[in-house]
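Scroll down for the structure; my scribbles are underneath it.
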Amino acid sequence: MDAPRAVFVHGTGLAGAAAWPRQRDDARLRGSMYLTRPGYGGAEAPRATDWGMERDAVLAAVGSGAHLVAFSYGGLAALLAAAQHPDRIRTMCLIEPPAFSLARGEPGVEAHVAAVAPVLERRGELGPSEFVVALLRAFGQTDPVAPQTEEELRSAEISRLTAAPWEAPLSTDAVREVPTLVLTGGWNREYDEAAAALARAGATHRELPGAGHRVQDHPAFTEMILDLWQEHSAGHRG
């Protein structure tokens, strides 16, 4: 089977093509694949995070070589895949990746860890609905709505089983070898600090304000990744 032109990797929440409503029907992105990460498939039971499985799912999708576009938690899987096989990643676009393990000591990241870690430590005692409410409060929401529907409860269970992002065994090696664009929305300190850490390693960091966390919904996003692909159409930098 031919390798896809690009592989899009979702975060938590919406999976597969549903996570990319502005991209999935764009004719300019024809030939792309919208990956469903482990534990998110409709027939697959939610599972605890396995970093090796996350990495391998991305590598299986890119095949012999493709551009990689990854949102939020999916950016951790993308970084792991690119570190393992940078030769198979033509370019990488990371959208607000929670690469907090690369930015420990920064004030926003440390404040986030301090707020969220106690909730994660209690996840074995909490049901999916209770967990998500506690997590959203740790994120700063004052009156979070508990999940009710079957789909919402399934998503809550996935969140409950998801490892803390600062536990991801990341390195900056891939960013030094793969042309990497990191996009943030300019609304959140810890994401900006993670992006800055990747930029210090060689990535390009740009802000697209106005769409919050889901920067891929910004009207300029698709044009930016097409420009990235065109700039590096002949292969890796260097």
Side-chain angles (χ1 to χ4, degrees), residues 1-12 15-17 19-20 23 29-41 44 47-103 162-183 194-195 197-206 215-216 224-238:
M1 184 176 68
D2 291 339
R5 180 186 183 197
V7 173
F8 288 73
V9 186
H10 64 86
T12 54
W20 307 92
Q23 287 75 45
L29 302 176
R30 189 177 292 113
S32 296
M33 174 187 177
Y34 298 90
L35 178 68
T36 297
R37 290 172 43 223
Y40 281 83
E44 187 179 359
R47 64 173 74 201
T49 302
D50 180 319
W51 298 115
M53 187 176 291
E54 292 276 353
R55 176 200 64 213
D56 292 347
V58 173
L59 289 173
V62 301
S64 60
H67 300 285
L68 198 50
V69 183
F71 171 52
S72 193
Y73 207 92
L76 305 181
L79 282 163
L80 292 170
Q84 181 88 356
H85 278 290
D87 54 307
R88 290 162 58 185
I89 312 298
R90 293 173 185 160
T91 65
M92 187 161 53
C93 176
L94 305 175
I95 305 158
E96 296 216 334
F100 302 144
S101 62
L102 302 178
T162 297
W166 56 86
E167 295 175 354
L170 303 180
S171 76
T172 56
D173 293 346
V175 174
R176 294 187 176 96
E177 297 191 56
V178 178
T180 300
L181 173 64
V182 182
L183 297 176
L198 291 165
R200 287 192 292 271
T204 298
H205 174 209
R206 294 182 183 173
V215 179
Q216 65 265 43
M224 290 186 75
I225 60 171
L226 289 169
D227 287 345
L228 176 69
W229 298 353
Q230 178 63 32
E231 181 182 356
H232 298 282
S233 59
H236 293 186
R237 64 188 167 193

Testing the basics here: between [X] and [Y], what is the closest heavy-atom pair and its distance to 0.1 Å?
X      : Y      : answer
Ala164 : Trp51  : O-CZ2, 4.0 Å
Gly75  : Pro97  : CA-CB, 4.4 Å
Pro98  : Pro165 : O-CB, 3.5 Å
Ala15  : Thr36  : CB-CG2, 4.3 Å
Thr162 : Thr49  : CA-OG1, 3.3 Å
Pro169 : Leu80  : O-CD2, 3.4 Å

As an exercise, state the distance from [atom1] of [X] to [atom2] of [Y], rounded to the nearest 0.5 Å.
X      : Y      : atom1 : atom2 : result
Asp50  : Glu54  : CG    : CD    : 8.0 Å
Thr172 : Glu177 : OG1   : CD    : 10.5 Å
His85  : Arg55  : NE2   : CZ    : 8.5 Å
Met224 : Cys93  : CE    : SG    : 7.5 Å
Gln216 : Gln23  : CD    : CD    : 6.5 Å
Arg200 : Leu102 : CZ    : CG    : 9.5 Å

Donor-acceptor pair, distance only, cut-off 3.5 Å: does the side chain of [X] make one with the backbone of [Y]?
X      : Y     : result
Ser72  : Gly11 : no
Glu44  : Gly39 : yes
Ser101 : Ala99 : no
Arg90  : Gly65 : yes

With side chains defined as the heavy atoms from C-beta onward, is the minimum distance between [X] and [Y] less than 4.5 Å?
X      : Y      : result
Leu59  : Arg88  : yes
Val7   : Ser32  : no
Met53  : Arg37  : no
Trp229 : Leu29  : yes
His10  : Tyr73  : no
Arg206 : Leu181 : yes
Leu198 : Leu94  : yes
Val9   : Tyr34  : no

(message) Please verify the inter-ring angle class for Trp20 with Phe8; under 30° counts as parallel, over 60° as perpendicular, anything in between as tilted.
(response) perpendicular

(message) With no hydrogens and no angle check, just 3.5 Å: does a side-chain donor-acceptor pair link His67 and Thr91?
(response)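 Yes, a side-chain donor-acceptor pair sits under 3.5 Å.
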
